[in-house]
Undergrad: 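Got a structure here, written out as structure tokens. Questions coming.
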Amino acid sequence: MQSYQGPQVDPGGGEEVHRQELINLSTANSESQDLVQQREKKLKAIAGLGFELYPRKFDFSHTIPQILGDYSTSTTEDLAASKVPVRVAGRVMTIRPHGKAGFAHLQGEGGRLQIYVRLDAVGERDFELFKLLDLGDLIGVEGYLFRTRTGELTIHAEHLHFLAKALLPLPEKWHGLTDVEIRYRQRYLDLMVNEDARRVFEKRFKLIKALREFLESHGYVEVETPMMQPMAGGAMARPFITHHNTLDMNLYLRIAPELYLKRLIVGGLDRVYEVNRNFRNEGISTQHNPEFTMLEFYQAYADFRDMIELSELLMQHVARAVVGSLEFDYGEHHISFERFQRLTMKDAVVQYWPKEAGPGPKVESFAEPRAVFDWVKAYNNCAEESGGEYAPLTVPDGTAAGTALQELFEAVAEHELIQPTFITEFPLEVSPLSKQKPDDPNFVERFELYVAGMEIANAFSELNDPAEQRDRFEYQQLLRERGDLTAHAIDEDYIRALSYGMPPTGGEGIGIDRLTMLLTNSHSIRDVILFPLLRPEKSSA
RNA sequence: GGGCCGUUAGCUCAAUUGGCAGAGCAACUGACUCUUAAUCAGUAGGUUGGGGGUUCGAUUCCCUCACGGCUCACCA
């Protein structure tokens, strides 16, 4: 085994190089250089006091939230009667010096706790350190708890420990960090100063944990399937391409784990799920990030009706775990997970037909499949006159009736589906992996769950007839040859797997990012992804 | 890719019709041993995103480029 030699140290110019890096990190103007230089000077002064500048560890007795929780009801007298000694670490967020004493707030684990530092209590060396602190520095404090005259729970410091310096200044303390670009690019700053940002991600962690608990309590096992696939299947989207050197082959980043999870169903893993990152080479919007997280789960011997029932329970379990209630606000809407509405896609088009588009269709209007094109025309006439309020649909010659119906649904109804609604009966043409309805082969046993106008989940009775699957793939291939880059490719290996016999199976995918948006009242997917994809930062040169 | 809006001190924002580029916070110096947006006195900090144009004079008007946001289209 080869031992790591560490970076080469240049005893002469090392410090200069280090400073150069800092300057490059900041905006490379003279002001921020000054700030950095001032803080470096303080760091040297701290070293001069005998403090280690980057100590190895700090043993703490409590986290800040623990103290805030455990002693929230302790009175001044309680704390005076039995001294509570504490050792706490955190980041300095405020400083209020008063000559030979001073206050500061330490932040850690999402909580803020005040410390009181006075010369006669901590001694000269530690008080000198206190005077050299900047906002953002990390310190440890040893002392005991008391309440100030204004009643705030505070550590009366007896010793200060220096843990690390913030050489770059924190965002402004009163307005906080509002520049959305910096919030996304330098998420650590967002998490440091915006309590809400931290709360959103804490809820996201809780949500994923709750999903796992729920599925495991229903007998599911968690699996991991390839993210690099020789062909990208299981969804309709353009993939990212990468290359393996040794095998000299192109691979696709997965757009969905679906076909692998169903191979596992064939193999006898009857209830599987994967919390999976998917990659789709499509546009970016408030509802789309090129990589995003889904939950996919598959249950043998079940169909889409079972998945509807399971979804309702799952959504309710998650809402209780994350917001503690089945009701919550999303923007101007009050959403309730108490009851889930069910509508067929045709019902939804009929029900939400815009008044401006004149008398709308009835469900019977769609009995003849081609009739949908008349309604697309009616909608488009209205859209053209709406002056941009409605966008007309583009339905090129040769578009299938089912595809047109789905587009009409998305244009007319999708944004109206505020309360949780299962949309059922999807057209065959847009559902290459779903089983047909026994009484109407133009439609499939599939549903999507909509909340707040967003698609949250997609599920169906999985097609397990290999011959029918081949036909579906061939139709997709036709679309592909006509230029639809999102049409599904033929996956021979998947057909082979189905040919060994796959049990009847219900499967579902849930968009974790969007579900998190809902439950945290976030209106951009970037607010629920720690590091959303952004354009590369413009170099300061 | 289209439309709309934006870019001024480290941060958050002002600047009248085109007429000396300002405030708060952060920073620096000093005072202050219960403050909490600490306070008080003082100091420093700017190529107004880049380039070009109109003008006696441009943060302001015009063109252009870059970056960002919202939105529409594609998508989940």
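Labels below follow one simple rule: chain letters A, B, ... track the order of the sequence lines, proteins then strands, and each chain is numbered from 1. Remember, it's a predicted structure, so these values are computed and weren't measured experimentally. Both backbone and side-chain heavy atoms feed into the values below; hydrogens, waters and symmetry mates do not.
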Undergrad: Any side-chain N or O of A:R96 under 4.0 Å from OP1/OP2 of B:A37?
TA: no

Undergrad: What interatomic distance, in whole Å, is found between P of B:A44 and the corresponding atom of B:C4?
TA: 45 Å

Undergrad: Any idea which of B:A76, B:U35, B:U71 is nearest the A:E152 side chain?
TA: B:U35

Undergrad: If the condition is side chain to side chain donor-acceptor pair (under 3.5 Å), which residues does A:E77 pass it with, not counting sequence neighbours?
TA: A:T75

Undergrad: To the nearest 0.5 Å, what is the distance between CZ on A:F447 and OG on A:S434?
TA: 11.0 Å

Undergrad: Return no unless some side-chain N or O of A:R149 is found under 4.0 Å from OP1 or OP2 of B:C34.
TA: no

Undergrad: Would you check, one step at a time, whether the test salt bridge (charged side-chain N to carboxylate O under 4.0 Å, His left out) holds for A:E312 with A:R342?
TA: CA-CA 11 Å; A:E312 252 186 79; A:R342 299 182 193 193; 3.2 Å; yes

Undergrad: Could you check which of B:G69, B:A76, B:A27 has an atom nearest any side-chain atom of A:Q38?
TA: B:A27

Undergrad: Output the rounded distance in Å from CD (A:E407) to C1' (B:A73).
TA: 12 Å

Undergrad: Could you tell me how far B:U35 sits from B:G30 if I compare only their P atoms? Round to whole Å.
TA: 24 Å

Undergrad: Can you check the distance between B:A37 and B:G50, where both ends of the measurement are the P atom (answer in whole Å)?
TA: 37 Å

Undergrad: Could you check which of B:A76, B:G69, B:C74 has an atom nearest any side-chain atom of A:R280?
TA: B:A76

Undergrad: So what does A:K42 touch, heavy atoms closer than 4.0 Å: a base, only the sugar-phosphate, or nothing?
TA: sugar-phosphate

Undergrad: Work out how far the P atom of B:A15 is from that of B:A73, and round it to whole angstrom.
TA: 35 Å

Undergrad: Is the closest side-chain heavy-atom distance between A:L191 and A:F201 below 4.5 Å?
TA: yes

Undergrad: Classify the nucleic acid contact of A:M236 as base, sugar-phosphate or nothing, counting any heavy atom under 4.0 Å across all strands shown.
TA: sugar-phosphate

Undergrad: How close or far is atom C1' of B:C70 from atom CD of A:E181, stated in whole angstroms?
TA: 15 Å

Undergrad: Output the single nucleotide from B:A76, B:G69, B:C34 whose closest atom is nearest the side chain of A:T148.
TA: B:C34

Undergrad: Rounded to whole Å, how long is the line connecting atom CG of A:L35 with atom P of B:A44?
TA: 16 Å

Undergrad: Name the nucleic acid region contacted by A:T286, choosing base, sugar-phosphate or nothing; use a 4.0 angstrom heavy-atom cut-off, strictly under.
TA: sugar-phosphate

Undergrad: Using whole Å, what does the distance between atom P of nucleotide B:A27 and atom NZ of A:K165 come to?
TA: 10 Å

Undergrad: To the nearest 0.5 Å, how far apart are CG in A:L113 and OH in A:Y71?
TA: 11.5 Å

Undergrad: Determine the stems involving RNA chain B; a stem requires 3 or more consecutive pairs of the Watson-Crick or G-U wobble kind, each with both distances below 3.5 Å, and the answer is none if no such run exists.
TA: B:1-7 with B:66-72, B:10-13 with B:22-25, B:27-31 with B:39-43, B:49-53 with B:61-65

Undergrad: Can you figure out which of B:C28, B:A76, B:G10 approaches the side chain of A:P169 most closely?
TA: B:G10

Undergrad: Between A:K262 and A:E258 (salt bridge meaning N to carboxylate O under 4.0 Å), is one present in this structure?
TA: yes

Undergrad: Between B:A26 and B:U12, how many Å separate the two C1' atoms, rounded to a whole number?
TA: 11 Å

Undergrad: Can you see which heavy atom on A:L253 is nearest to which on A:M228, and at what distance?
TA: CD2-CG, 4.2 Å

Undergrad: Touch check for A:R238, heavy atoms < 4.0 angstrom, all strands: base, sugar-phosphate only, or nothing?
TA: nothing

Undergrad: Could you tell me whether the phosphate oxygens of B:G68, OP1 or OP2, come under 4.0 Å of any side-chain nitrogen or oxygen in A:R185?
TA: yes

Undergrad: List the atom pairs, with distances to 0.1 Å, where a side-chain N or O of residues 397-404 of chain A and a protein N or O form a donor-acceptor pair under 3.5 Å, not counting sequence neighbours.
TA:
residue	atom	partner	partner atom	Å
A:T399	OG1	A:P396	O	2.5

Undergrad: Could you state the atom-to-atom distance from CG of A:L133 to P of B:A26 in whole Å?
TA: 15 Å

Undergrad: When the ring planes of A:F337 and A:F328 are compared, do they come out parallel, tilted or perpendicular, using 30° and 60° as the limits?
TA: perpendicular

Undergrad: Sugar-phosphate atoms are those with a prime plus P, OP1 and OP2; base atoms are the rest. Using that split, label each nucleotide of nucleotides 1-8 of chain B B, S or - for protein heavy atoms under 4.0 Å, 5' to 3'.
TA: --------

Undergrad: Please list, in numerical order, the residues of residues 97-129 of chain A that have a heavy atom closer than 4.0 Å to any atom of RNA chain B.
TA: A:P97, A:H98, A:G99, A:K100, A:A101, A:F103, A:H105, A:Q114, A:Y116, A:R118, A:D120

Undergrad: Between B:A14 and B:G46, how far is it from one C1' atom to the other, in whole Å?
TA: 15 Å

Undergrad: What nucleic acid atoms does A:F146 come within less than 4.0 Å of, heavy atoms only: base, sugar-phosphate, or nothing?
TA: base

Undergrad: Work out how far the C1' atom of B:A21 is from that of B:A9, and round it to whole angstrom.
TA: 10 Å

Undergrad: Between A:R39 and A:E282, just flag the one whose closest nucleotide in RNA chain B comes earlier from the 5' side.
TA: A:R39

Undergrad: Is the distance from the ring center of A:F409 to that of A:Y352 below 6.0 Å?
TA: no

Undergrad: Please report the distance separating the P of B:G53 from the corresponding atom of B:G68, rounded so that it comes out in whole Å.
TA: 28 Å

Undergrad: Below 4.0 angstrom, N of the basic side chain to O of the carboxylate: do A:R183 and A:D527 qualify?
TA: yes

Undergrad: Identify whether the distance between the nearest side-chain nitrogen and carboxylate oxygen of A:R277 and A:E291 falls below 4.0 Å.
TA: yes

Undergrad: Report the distance from atom OG1 of A:T421 to atom CD1 of A:I456, rounding to the nearest 0.5 Å.
TA: 11.5 Å

Undergrad: Is there a side-chain contact between A:S285 and the phosphate of B:U71, meaning an N or O under 4.0 Å from OP1 or OP2?
TA: no

Undergrad: Would you classify A:N281 as touching base, sugar-phosphate or nothing, given that sugar-phosphate means primed atoms plus P, OP1 and OP2, and contacts are heavy atoms under 4.0 Å?
TA: nothing

Undergrad: Do you see a donor-acceptor pair shorter than 3.5 Å between the side chains of A:Q114 and A:T148?
TA: no

Undergrad: Write down the distance between NE2 (A:H415) and P (B:C72), rounded to a whole number of angstrom.
TA: 10 Å

Undergrad: Rounded to whole angstrom units, what separation is found between the CD atom of A:Q37 and the P atom of B:A44?
TA: 19 Å

Undergrad: Which residue pairs pass the side-chain hydrogen bond (donor to acceptor under 3.5 Å, both in side chains) test with at least one member in residues 507-522 of chain A, sequence neighbours excluded?
TA: A:R204-A:D513, A:H288-A:R514, A:S311-A:E508, A:T520-A:S522, A:N521-A:H523

Undergrad: Report the distance from atom CD1 of A:I182 to atom C1' of B:U12, rounded to the nearest whole Å.
TA: 11 Å

